[in-house]
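Nothing here was measured: the structure is a model prediction, and the numbers come from that model.
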Amino acid sequence: MRQPGLSGPTRAPRDLSEIASHDGLIGSAEQWRFTEAGREVSLRPSGRWRCNSGAAVLDAAVQGLGLCQLPDFYVAEALASGALVSLLDDQRPPDEGVWAVHPHPRHVPPKVRAMIDWLHERLSAAPDRR
């Protein structure tokens, strides 16, 4: 999972205590996860903007509306282009798994197998910025 991204002229938070002073772009996760001193920490970001679409959260962050925390596959291109900057990388939480649930392998329709293979390829290609 990528740390909050920042665009625009706002000074970037230097540690977790400064997250609360920034507008959060809140997606489907009510809390943002971090690692601090070897343990997992959850923070509830404050913000006036909320949406259940990762693509919309990404767009709002690129437009400079606030900080976000999204998975790598959403932000990789914006980070590579410089549209977003990754913050607090040393406090990144452990990566989370993505699961594809389907019937026993001998019953998986070709379309489903193709989609699983495509997702595996795309998600495996996401850069690891640790």
Side-chain angles (χ1 to χ4, degrees):
M1 182 163 291
R2 187 60 41 211
Q3 292 309 309
L6 180 71
S7 65
T10 306
R11 187 181 64 75
R14 293 173 294 205
D15 59 47
L16 295 182
S17 68
E18 294 182 3
I19 294 286
S21 66
H22 290 268
D23 284 330
L25 303 172
I26 304 165
S28 58
E30 294 286 327
Q31 296 188 357
W32 291 351
R33 296 176 41 231
F34 299 90
T35 301
E36 186 174 54
R39 63 182 178 86
E40 192 172 306
V41 176
S42 294
L43 298 176
R44 186 175 298 269
S46 62
R48 296 169 287 175
W49 197 92
R50 180 179 302 267
C51 181
N52 67 355
S53 165
V57 171
L58 172 62
D59 187 50
V62 169
Q63 297 302 316
L65 298 179
L67 303 179
C68 70
Q69 188 178 57
L70 288 169
D72 290 342
F73 60 87
Y74 276 108
V75 298
E77 190 174 307
L79 290 169
S81 73
L84 288 181
V85 176
S86 184
L87 304 173
L88 305 174
D89 285 332
D90 59 330
Q91 295 179 310
R92 230 183 117 147
D95 288 334
E96 293 183 23
V98 176
W99 301 90
V101 180
H102 57 83
H104 191 275
R106 69 175 175 230
H107 301 295
V108 179
K111 289 180 189 178
V112 173
R113 170 69 7 214
M115 180 60 145
I116 291 169
D117 292 343
W118 182 83
L119 285 170
H120 184 266
E121 180 181 315
R122 291 281 304 221
L123 296 177
S124 297
D128 183 11
R129 300 197 191 276
R130 287 186 196 251

Result block: side-chain N/O donor-acceptor pairs under 3.5 angstrom for residues 107-119, not counting sequence neighbours:
from   : atom 1 : to     : atom 2 : distance (Å)
Arg113 : NH1    : Asp117 : OD1    : 3.0

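Applying the side chain to side chain contact (heavy atoms under 4.5 Å, CB included) criterion to Asp59, with sequence neighbours excluded, gives Gln63. Considering only residues two or more places apart in sequence or on other chains, Ser46 meets the side chain to side chain contact (heavy atoms under 4.5 Å, CB included) condition with none of them. The salt bridge (Lys or Arg N to Asp or Glu O under 4.0 Å) test applied to Glu36 returns no partner, not counting sequence neighbours. Residues forming a side chain to side chain contact (heavy atoms under 4.5 Å, CB included) with Gln31 (at least two apart in sequence, or on another chain): Ser42, Arg44. Not a single side chain to side chain contact (heavy atoms under 4.5 Å, CB included) links Ala20 to another residue, sequence neighbours left out. Applying the side-chain hydrogen bond (donor to acceptor under 3.5 Å, both in side chains) criterion to Ser17, with sequence neighbours excluded, gives Asp15. Partners of Arg39 by salt bridge (Lys or Arg N to Asp or Glu O under 4.0 Å), not counting sequence neighbours: none found.
Hydrophobic clustering places Val62 together with Phe73 (ILVMFWY residues linked when any side-chain heavy atoms are closer than 4.5 Å, directly or through intermediates). Criterion: ILVMFWY side-chain heavy atoms under 4.5 Å apart, direct or through other members. Under it, Phe34 and Leu67 are part of a common hydrophobic cluster. Hydrophobic clustering, with ILVMFWY side chains joined whenever heavy atoms are under 4.5 angstrom apart, groups Leu70 together with Leu25. Under the 4.5 Å side-chain heavy-atom criterion for Ile, Leu, Val, Met, Phe, Trp and Tyr, Ile26 and Leu65 are members of distinct hydrophobic clusters.
Pro13 has its side chain within reach of Leu87: a pair of non-hydrogen atoms, C-beta onward, lies under 4.5 Å apart. A 4.5 Å side-chain heavy-atom check between Val85 and Leu79 finds every atom pair outside the cut-off. Contact annotation: the side chain of Arg33 never approaches that of Val41 to less than 4.5 Å [non-hydrogen atoms, C-beta and beyond]. The side-chain heavy atoms of Asn52 and Val57, taken from C-beta on, include no pair separated by under 4.5 Å. No side-chain heavy atom of Gln69 sits less than 4.5 Å from a side-chain heavy atom of Pro45.
Contacts classified as salt bridge (Lys or Arg N to Asp or Glu O under 4.0 Å) and involving residues 19-28 (residues at least two apart or in different chains) are given here: Asp23-Arg48.
Between Ala78 and Ser81, the shortest heavy-atom distance links the atoms O-OG, 3.2 Å. Annotation for Pro93 and Thr35: closest pair CA-OG1, 3.4 Å, computed over non-hydrogen atoms. Counting all heavy atoms, side chain and backbone alike, Glu18 lies closest to His22 at O-CD2, 3.1 Å.
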